[in-house]
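Since we're looking at a predicted model, the values are computed, not measured.
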Amino acid sequence: MALAARLPADILLRIGALITADADKTLGHWKHSLTLLAVCSYWRATIVLLVFKTLSVEVITHNEADRRGYAYKYAEETLIVAFSNYQLAKHNGHLCWARHLRVCDLDDDFCVSSMALVADALEMDEDDVPGIAYICSWYNADTSAGKYSIDWDTREKACRAAREMARLLRQRLPNITALTVRLDYEVPCFIEFGDELMHTYIGQLAQLDANLWSHSEPPISPSLRKLAVRAKCFAASNQYIDPQNIKSL
């Protein structure tokens, strides 16, 4: 038997923790941890909970994807692309290990398609979320300049679908204790999606990193220990946090 297959589980978990330490920063960091699963079946069974601890969706431009060395295929007319390890985790039965959820739109100029890409990355369609087709249908070509062509009925349907996406994700990933939501807070669908994610998870979160904040009133989270917020509309309030528990703000 190879030496690697004889390592005690606690030693192996320490090795896995070191290698996956930065996996929650970007998908580029995360993909390096996949090599751990290829060593042998013993390593795979022991370390899989660390490798799939963080699930990410990143929406970035092609130039940024090239810079990061991401492999992808795209149509010439598209400007942005989404990357995620959600599908790999789902199809291999590893969603149960997820503890940290990251949803990041890393480009501010091309939000016209971003929410649709997030939905695709999370494998959500009209059968899962009725009305999901409305999500991007009310943006026009001037979206990057901050202008919207809004039909209010369509907007409401799109925002309703975005909220339903968040609730469905909460059902699929019930064990999340850390949430990173970095989306364009000026885009209504993103606001609704991000707010609903925080609202549904807030009671169980130990860590929250967000650049938008809810206008609703989720319950106080006694478990919250680390909070990072970037938003013009944010005002610290004890309806969201218990200040005595916060270790990092």
Task: Minimum-distance pair of heavy atoms, taken over all atoms of E126 and G131 - done: OE2-N, 2.6 Å

Task: Pairwise distance CG(L197) to CG(L208) - rounded to 0.5 angstrom - done: 10.5 Å

TODO: Would you name the heavy atoms of I132 and M124 that are closest together and state the gap between them?
DONE: CD1-O, 3.7 Å

Open item on the list: If I take atom OG1 from residue T54 and atom CG from residue L101, how far apart are they, to the nearest 0.5 angstrom?
Closed with: 9.5 Å

Open item on the list: Restricting to non-hydrogen atoms, name the atom on A161 and the atom on V129 that form the minimum distance, rounded to 0.1 Å.
Closed with: O-CG1, 3.5 Å

- [ ] Evaluate side-chain contact (heavy atoms from CB on, under 4.5 Å) for E58 paired with R182, printing each intermediate quantity in order.
- [x] CA-CA 10 Å; E58 295 179 358; R182 297 178 184 174; over 6 Å; no

TODO: Determine the minimum heavy-atom distance between L37 and V48, stating which atoms define it.
DONE: CD2-CA, 4.0 Å

Open item on the list: Test side-chain contact (heavy atoms from CB on, under 4.5 Å) on W30 and N85; report intermediate values, then the result.
Closed with: CA-CA 9 Å; W30 173 82; N85 57 353; 3.2 Å; yes

Task: L88 side chain near L34 side chain, heavy-atom distance below 4.5 Å - done: yes

Open item on the list: A side-chain contact here means heavy atoms from C-beta on lying under 4.5 Å apart; do V51 and W97 qualify?
Closed with: no

Task: Minimum-distance pair of heavy atoms, taken over all atoms of S223 and L205 - done: OG-O, 2.8 Å

TODO: Treating Ile, Leu, Val, Met, Phe, Trp and Tyr as nodes and any side-chain heavy-atom pair under 4.5 angstrom as an edge, say whether I47 and I11 lie in one connected cluster.
DONE: yes

Open item on the list: When you compare the side chain of N175 with that of R99, does any pair of heavy atoms fall below 4.5 Å?
Closed with: yes

Task: R167, CZ: over 12 other non-hydrogen atoms inside 6.0 angstrom - done: yes

- [ ] May I have the step-by-step check of side-chain contact (heavy atoms from CB on, under 4.5 Å) for T20 and L36, ending in yes or no?
- [x] CA-CA 9 Å; T20 61; L36 294 172; 4.1 Å; yes

Open item on the list: Ignoring hydrogens, what is the shortest heavy-atom contact between P174 and Q204? Give both atom names and the distance.
Closed with: O-NE2, 3.0 Å

TODO: State the CD-CE distance between E192 and M165, to the nearest 0.5 angstrom.
DONE: 12.5 Å

Open item on the list: Before you tell me yes or no, could you show the steps for H100 and T180 under side-chain hydrogen bond (donor to acceptor under 3.5 Å, both in side chains), namely the whole-Å CA-CA distance, both residues' side-chain angles and the distance that decides it to 0.1 Å?
Closed with: CA-CA 8 Å; H100 182 193; T180 301; 2.8 Å; yes

TODO: Working to the nearest 0.5 Å, report the span between CZ of R44 and CG of N92.
DONE: 10.0 Å

Open item on the list: Nearest 0.5 angstrom please: S84 OG to R102 CZ, how far?
Closed with: 10.0 Å

Task: Side chains of Y201 and L173 in contact at under 4.5 Å (non-hydrogen atoms) - done: yes

- [ ] Check the pair L95 / L55 against side-chain contact (heavy atoms from CB on, under 4.5 Å), numbers first and verdict last.
- [x] CA-CA 8 Å; L95 292 182; L55 296 184; 3.7 Å; yes

Task: Side chain proximity check, L49 to L13, heavy atoms < 4.5 angstrom - done: yes

Open item on the list: Rounded at 0.5 Å granularity, tell me how far OH in Y86 sits from CZ in F52.
Closed with: 13.0 Å

